[in-house]
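Have a look at the structure below, then the notes.
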Amino acid sequence: MVAGVEQGVENLEIRLLGPLSIARGGSSIAMPRSRKLQALLAYLALAPRPCSRSALCELLWELPNDPRGELRWCLSKLRALLDEPDRPRVVVAGQTVRLDLSDCSVDAVDVAQAAGGLESLASDRLRALVAWSSGELLEGLELASSPAFGGWLIAQRRRFRDLRATLLERLSACVPDDEVLGTIEAWLEIAPFDRRAHQALLGKLARQGRLRDREEHVRVAQQWFEAEGLDGSWLRDPVQPAAERARHASVAIMPFAGEIGEAITHDVITRLAKLRSLFVIAEGTVFTLQRRGTSPEEAGRLLDVDYIVSGSVRRDRGQLAVTIELSQTRTSRIVWADDFRREIGATFEVMDELNDSIVGSIASEIELSERNRAILIPPSSLDAWEAYHRGLWHVYCFTKTDNERAREFFELAAARDPTFARAFSALSFAHFQQAFNGWGDRATEMLHAYEHAGRSLLLDDRDPSAHWAMGRALWLRRKHDAAVAELEQAVELSPNFAQGHYTLAFILGQTGDPNVAISAVDRSRRLSPFDPLLFGMFAARALALARLGRFDEARHSAVQIATRPNANVPSLAVAALCLTLADQLDEARTLLASIRERVPGYRLDDFMQTFRFDEAGEAMFRAGARRLGLAR
């Protein structure tokens, strides 16, 4: 065991990096000679969830006479190897098998977990992790008779080589000067086309005044890249590529494995690019890398992107199943993973809905990751992109104080980059919030919301968020038709822009076709099921249902509004009135009491000043307000 990697001494230690070995209390245990038993141990040790017996049989025994019998024999040997009288570690439940190694040290698991929090690791711990990760995963353990295991092993070895590169990158940033070059060279040895590794080496050589060595490295490295058919011209100016994309997070969508995987990949890339909030690597590039056998982790480093998306597609018992994984390139940390399933029926409709869900989830998870990262950066160090996401973190809290703080960060983003269209659309949204919630002079805030939306459109009229901001601003100015036209333009530019569909539903739910509003809000929820504006989506749905006289359904949406922790007062008032219309007066009065705790004296006039109903809708909600006591 490497000192400093784990605190305390584990009773059982399993080493997977290098030759497989087991030790108990510091003493080695003789390994069984069965290679399939060793493979089973390693596979279960790294499995993130319980494995089915059938999957294990298919993995290790391609054509045995009795695969389940061989599995039972291996499990009995594993129990003898790992279990203790009062501590069973081989857990069989029904048709699934797992290893409970929570009180053990497994080197590969510890390295993978530590790599997810590199920023907090001291240099001594990083050195220990680098030393631990130096061995090839399961060195010498190949099974020619088990191709499925062979495929899994190749993928896992790539994964741990990439983790080692991540550890070396982090270590190179915190070791003394006399260790830096050796660390970077070790990094380049396992990641010879990693742009950041070359940038780090060239920068260090320049700072040391070793210009001849620097030029020689550029010459040799360009030859490496050209031999692989890759563009190495950036080596002459290694800082420029990063500067060109400083305003956007970048993502590469690697071709999904399996039947129709390429078609889904094409659609996801196209739809994500239309959002214009991310720098998306072109389809030709990622397909070329895939044909060369480049792993997703290697591709992320080669392309110097912030995020990498990989996945697979399969048919499973009448369903189309897509497994997606989003990882952060710099840390090799899995940010998000999910399985999407749809019944195989009307193929084009299924594919459209499936791709909607995938694209919406990827965009939402990247935005959440960027917001969480930005909140940890000192304000004085924020660039335009980071200041914009710091502002988003505050604006989605939906309080007066946070909205004012958000406005300051959006102004900072606009000042840092006056060509950043989304900074101005976000500023428009902050002023919209001021007017909508009555947190400032409505006329002044409406004017600012309109002006900033106009600036965003001038900077990029292909950005759906610019049209979204203008649609909201026009609605505040009671220009209903013009507002709807702008929002329709937003979703035409990007059919996967969830907030565009939601805002269209919000407006049509008050004055317009309520059935179209319900369809639009349902699509927005499919696109972004965990959206920070989810309470508004439920409010839009409740308004539309109430106008259709479907009060019981409106009640269900009203209850959802009340459970959202960041719901604003106007949306809570919608919930209270819809509960009243559904004859749930006790719940409605409880909600009204909580509203008046936040805004003492909140009355019907406040509600009507906020929303824009047609004549019939206004009469219905006024009658509900009288029953509720909101009119008093």
Side-chain angles (χ1 to χ4, degrees), residues 267 270-278 348-349 352-353 355-357 359-360 363-364 367 421-422 424-429 431-433 435-436 446 449-529 531-534 536-545 547-548 571 610-614 617:
D267 207 20
T270 302
R271 293 179 185 220
L272 266 181
K274 285 183 176 180
L275 285 173
R276 296 177 79 83
S277 59
L278 299 168
F348 291 109
E349 293 178 11
D352 192 53
E353 182 184 335
N355 291 338
D356 270 355
S357 298
V359 170
S364 295
E367 184 175 280
R422 289 226 165 184
F424 290 96
S425 65
L427 259 175
S428 175
F429 181 52
H431 286 290
F432 171 92
Q433 288 291 102
F436 183 73
M446 287 163 56
Y450 180 74
E451 289 175 342
H452 288 306
R455 179 68 180 274
S456 182
L457 277 173
L458 284 173
L459 290 169
D460 187 357
D461 66 356
R462 303 293 295 172
D463 189 335
S465 73
H467 291 276
W468 169 74
M470 181 55 78
R472 280 179 166 272
L474 288 169
W475 178 80
L476 281 176
R477 296 161 72 94
R478 298 184 179 274
K479 298 182 182 296
H480 176 273
D481 292 343
V484 170
E486 286 293 338
L487 293 166
E488 288 175 341
Q489 178 71 8
V491 297
E492 182 179 340
L493 285 168
S494 177
N496 292 87
F497 185 44
Q499 291 185 354
H501 290 286
Y502 149 62
T503 307
L504 192 57
F506 172 78
I507 291 175
L508 295 178
Q510 298 169 59
T511 309
D513 188 333
N515 289 298
V516 175
I518 292 169
S519 177
V521 77
D522 287 348
R523 183 163 190 182
S524 71
R525 287 172 56 203
R526 286 198 305 272
L527 286 167
S528 187
D531 199 282
L533 281 164
L534 199 57
M537 296 178 186
F538 284 116
R541 199 172 201 279
L543 288 173
L545 289 166
R547 286 181 59 213
L548 289 169
S571 295
T610 302
F611 293 94
R612 312 277 190 266
F613 296 110
D614 60 15

What's the separation between atom [atom1] in [X] and atom [atom2] in [Y], rounded to the nearest 0.5 Å?
X	Y	atom1	atom2	value
S357	D352	OG	CG	9.5 Å
R547	D614	CZ	CG	4.5 Å
L534	Y502	CG	OH	10.0 Å
S571	M537	OG	CE	11.5 Å

Could you list the residues that satisfy side-chain contact (heavy atoms from CB on, under 4.5 Å) with [X], not counting sequence neighbours?
X	value
E488	V484, L504
R455	P418, F424, L459
T270	H266, K274
A482	L474, K479

Minimum heavy-atom separation for [X] and [Y], please, with both atom names.
X	Y	value
V521	A540	CG2-CB, 4.2 Å
A544	I518	CB-CG1, 3.7 Å
A363	L272	CB-CD2, 4.2 Å
S494	P464	CB-CG, 3.8 Å

Practice item. Please test L543 against F613 for side-chain contact (heavy atoms from CB on, under 4.5 Å), starting from the C-alpha separation and ending with a verdict. Key: CA-CA 10 Å; L543 288 173; F613 296 110; 3.8 Å; yes

With [X] via side chain to side chain donor-acceptor pair (under 3.5 Å) - residues at least two apart:
X	value
S428	none
H501	none
D267	R271, N355
Q499	Y396

Contacts under 3.5 angstrom, residues 505-514 side chains, donor-acceptor by atom type, not counting sequence neighbours:
from, atom 1, to, atom 2, distance (Å)
Q510, OE1, R612, N, 2.8
Q510, NE2, F506, O, 2.9
T511, OG1, R612, O, 2.5
D513, OD1, N515, N, 2.9
D513, OD1, V516, N, 3.4

Exercise for review: Would you please name every residue forming a ring-ring contact (aromatic ring centres under 6.0 Å, His included) with F432, sequence neighbours left out?
Suggested key: F436

Check your understanding: Excluding sequence neighbours, so at least two apart, what forms salt bridge (Lys or Arg N to Asp or Glu O under 4.0 Å) with R523?
Key ->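 Only D356 meet the salt bridge (Lys or Arg N to Asp or Glu O under 4.0 Å) criterion with R523.
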
Check your understanding: Looking only at atom types and distance, does a side-chain atom of S528 sit under 3.5 Å from a main-chain N or O of G360, one as donor and one as acceptor?
Key ->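 Side chain of S528 to backbone of G360, a donor-acceptor pair under 3.5 Å: no, none is there.
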
Practice item. Mind jotting down which residue pairs meet the side chain to side chain donor-acceptor pair (under 3.5 Å) criterion with at least one end in residues 463-475? Sequence neighbours excluded, please. Key: R422-D463, R422-S465, S425-S465, D463-S465, H467-E486, W468-T503

Review point. Would the number of heavy atoms belonging to other residues, nucleotides or ligands and lying under 6.0 Å from CZ of R526 be above 12?
Key: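 Enclosed.
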
Exercise for review: Would you check if R525 and R541 make a side-chain contact, meaning some heavy-atom pair closer than 4.5 Å?
Suggested key: yes

**Study point:** Sub-4.5 Å side-chain heavy-atom contact between L527 and V359
**Key:**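 No - every pair of side-chain heavy atoms lies 4.5 Å or more apart.
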
